[in-house]
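Numbering of ligands and ligand atoms starts at 1, following listing order. For the numbers below, each heavy atom of this structure counts, side chains included, while hydrogens, waters and symmetry mates do not.
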Amino acid sequence: MFAFRQVDWESIMSVHAYGTHAADRPLEALIIERRAPGANDVQIEIAFCGVCHSDLHTARDEWGGTQWPCVPGHEIVGHVSAVGDGVSRFKVGDTVGVGCMVDSCHACSACDEGLEQFCQTGMTGTYNSPIADAPGYTMGGYAQRIVVDQAFVLNIRHPAAQLAAAAPLLCAGITLYSPLRHWQAGPGKKVGIVGIGGLGHMGIKLARAMGAHVVGFTSSEAKRADILSLGAHEVIVSKNRDEMKAHLESFDLIIDTVAASHNLDQFTTLLKRNSTLVMVGAPEHPHPSPAIFALLMRRRSIAGSMIGGIAETQEMLDFCAEHGIVAEIEMIPIDGINAAYERMLDSDVRYRFVIDNATLAG
Ligand code: NAP
Ligand code: ZN
């Protein structure tokens, strides 16, 4: 016997989106379906969506496990167009955001502590995570609309004119804010940010606003002046050995955002005693093994960090609104996405591409 799934056509809405059908195919126009909002759901018309390097890793199956068609995008901002009966925190017309998660178990110790990103049964990512709705996994923000449980929707308090530039805060912003807070960046601390792309440039701005002495590490000589204008006190071109040597054993914290495999010893040796190199970049291929003596001789650590919880993401958005912090963006129409991916691979992003989702229409 076959069990046929009942399809409630009334509750399904087709929207324009952009995604891939295979790892080696470019992104192209698609029609996808969004559920009608349930009791606790918020329906959002997406105005802008930032382009994260994780979108590229996933679209090209660099981490494995990508399901197709794949619609990336987890730096979503837009306006509420409908809410379910049980929604109290949002109303039609509100300006809102959605980041990297759309659900979690709500019951484990991580969820209890507001650390949904570390949900023990696995948080539901905004794209490429299993869900009950067709097609059985989530599809992200390269689309006209998304429907999300209110518990995973954020308030955006930036002025309307900054909405597009606020989109990258939903991933790039929180991914740097959370480790900067956890490892207590602030006055009197020397903080390094490695790789000045989408994540890294937010790290420079956030660490500066927290009062730290901020040093940007880049492999791109051409970014030197920009990095100072973003708020760094100093810039080091990491290929330049003399510049690196001048900073030996001087950092309280270094956060590494690089999207490719590289030698970590050049950064661990710059840490003071008891200090930490935090990895947030997630390259396709592993880094060469770090030199263990560089760690044990000074009780140094290498740690990891992944985005931030929902409460901390709201705290970060409010901190950024208060301090006038947004991303430096280059707006693209949706059909510019494939060229944008190639430029991201060339480290040629100043400093985040943001899709104008109005270009998805028709
Ligand atoms: P991005 O905009 O492409 O920036 C990455 C930067 O790393 C580049 O601009 C470049 O900066 C440097 N870089 C890239 N390739 C390099 C190479 N081969 N050698 C040396 N430096 C290189 O990427 P992103 O969106 O910021 O994301 C960065 C990484 O973080 C990705 O792997 C992404 O998947 C991951 N990520 C992790 C989390 C998390 O929660 N942990 C969240 C979001 C993203 P310079 O030109 O300054 O050297
Ligand atoms: Zn991201």
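Shown here is Asp85, whose CG atom has no more than 12 heavy atoms of other residues, nucleotides or ligands within 6.0 Å. Under a cut-off of 6.0 angstrom, the local environment of CE in Met331 is crowded, with over 12 non-hydrogen atoms contributed by other residues, nucleotides or ligands.
Scanning all protein heavy atoms for the shortest distance to atom 31 (C) of ligand 1 gives His57 NE2, 3.5 Å. Annotation: atom 17 (C) of ligand 1 to nearest protein heavy atom, Ala260 CB, 3.8 Å. Nearest protein heavy-atom neighbour of atom 9 (O) of ligand 1: Lys223 NZ, 3.2 Å. Here the heavy atom of the protein found nearest to atom 28 (C) of ligand 1 is Thr257 O, 2.9 Å. Of the protein's non-hydrogen atoms, the one nearest atom 16 (C) of ligand 1 is Val258 CG1, 3.8 Å. Among protein heavy atoms, atom 12 (C) of ligand 1 sits closest to Gly195 CA, 4.0 Å. Atom 30 (O) of ligand 1 has Gly281 CA, 3.3 Å as its closest protein atom, hydrogens excluded (heavy atom only). The protein atom (non-hydrogen) at minimum distance from atom 26 (O) of ligand 1 is Leu199 N, 2.8 Å.
Of the candidates Val280, Ile227, Ile196, Leu176, the one placing a heavy atom closest to atom 41 (N) of ligand 1 is Val280.
The only member of Thr313, Ile307, Thr138 that meets side-chain contact (heavy atoms from CB on, under 4.5 Å) when paired with Met101 is Ile307.
Both Val77 and Val96 belong to a common hydrophobic cluster when Ile, Leu, Val, Met, Phe, Trp and Tyr are linked at side-chain heavy-atom distances under 4.5 angstrom.
Near Ser220, the atoms of ligand 1 lying under 4.0 angstrom from a non-hydrogen atom of the residue are 45 (P), 46 (O). For ligand 1, the atoms lying closer than 4.0 Å to a non-hydrogen atom of Met344 are 3 (O). Of all atoms in ligand 1, listed by their number and element, those nearer than 4.0 Å to a heavy atom of Cys171 are 42 (C), 43 (C). Distances below 4.0 Å separate heavy atoms of Thr218 from the following atoms of ligand 1: 45 (P), 46 (O), 47 (O), 48 (O). Close contacts of ligand 1 with Ile307, meaning ligand atoms under 4.0 Å from a residue heavy atom, involve 39 (C), 40 (O). Those atoms of ligand 1 that come under 4.0 Å of a heavy atom in Gly198, given as number and element, are 1 (P), 2 (O), 4 (O), 26 (O).
Nearest N/O/S atom of His74 relative to the Zn ion (ligand 2): this is NE2.
Side chain to side chain, Glu234 and His213 meet the donor-acceptor criterion of an N or O pair below 3.5 Å. For the residue pair Thr124 / Asp103, no side-chain donor-acceptor distance below 3.5 Å is found, with atom types taken as modelled. In this model, a donor atom of one side chain and an acceptor atom of the other lie less than 3.5 Å apart for Asp55 and Tyr127.
Only the side chain of Trp63 comes within contact range of ligand 1, with a heavy atom under 4.0 Å; no backbone atom does. Residue-level proximity to ligand 1 for Ser305 is carried by the backbone, the only part with a heavy atom below 4.0 angstrom.
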- Item | Glu315/Tyr177 under side chain to side chain donor-acceptor pair (under 3.5 Å): CA gap, chis, key distance, verdict | CA-CA 10 Å; Glu315 177 189 306; Tyr177 183 91; 2.6 Å; yes
- Query: What's the verdict on side chain to side chain donor-acceptor pair (under 3.5 Å) for Asn338 and Glu342, showing C-alpha distance, side-chain angles and the deciding distance?
  - Reply: CA-CA 7 Å; Asn338 292 303; Glu342 293 309 314; over 6 Å; no
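Among the backbone and side-chain atoms of Cys100, none of the N, O or S atoms lies under 2.8 Å from the Zn ion (ligand 2).
The closest approach between any non-hydrogen atom of Arg352 and ligand 1 is below 4.0 Å.
Taking a 4.5 Å side-chain heavy-atom cut-off between Ile, Leu, Val, Met, Phe, Trp and Tyr, the cluster of Val237 contains only that residue.
Salt-bridge annotation for Glu221 and Lys239: absent, with no side-chain N of the basic residue lying under 4.0 Å from a carboxylate O of the acidic one.
Ring-centre distance between Trp68 and His21: not below the 6.0 Å cut-off.
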Taking distance alone, no hydrogens or angles, what donor-acceptor pairs closer than 3.5 Å link side-chain atoms of residues 110-122 to residues at least two apart or in another chain?
from   : atom 1 : to     : atom 2 : distance (Å)
Glu116 : OE1    : Ile310 : N      : 3.0
Gln117 : OE1    : Gly309 : N      : 3.2
Gln120 : OE1    : Ser109 : OG     : 2.7

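With the Zn ion (ligand 2) at the apex, Cys171 SG and Cys52 SG define an angle of roughly 130° (rounded to 10 degrees).
With a 6.0 Å cutoff to the six-membered ring centre and a 45° limit on the axis angle, Arg60 does not count as a cation-pi contact of Tyr341.
Considering both main-chain and side-chain atoms, Ala282 comes within under 3.5 Å of ligand 1 through a nitrogen or oxygen pair. Note: an N/O pair closer than 3.5 Å links Ser54 and ligand 1 by distance alone.
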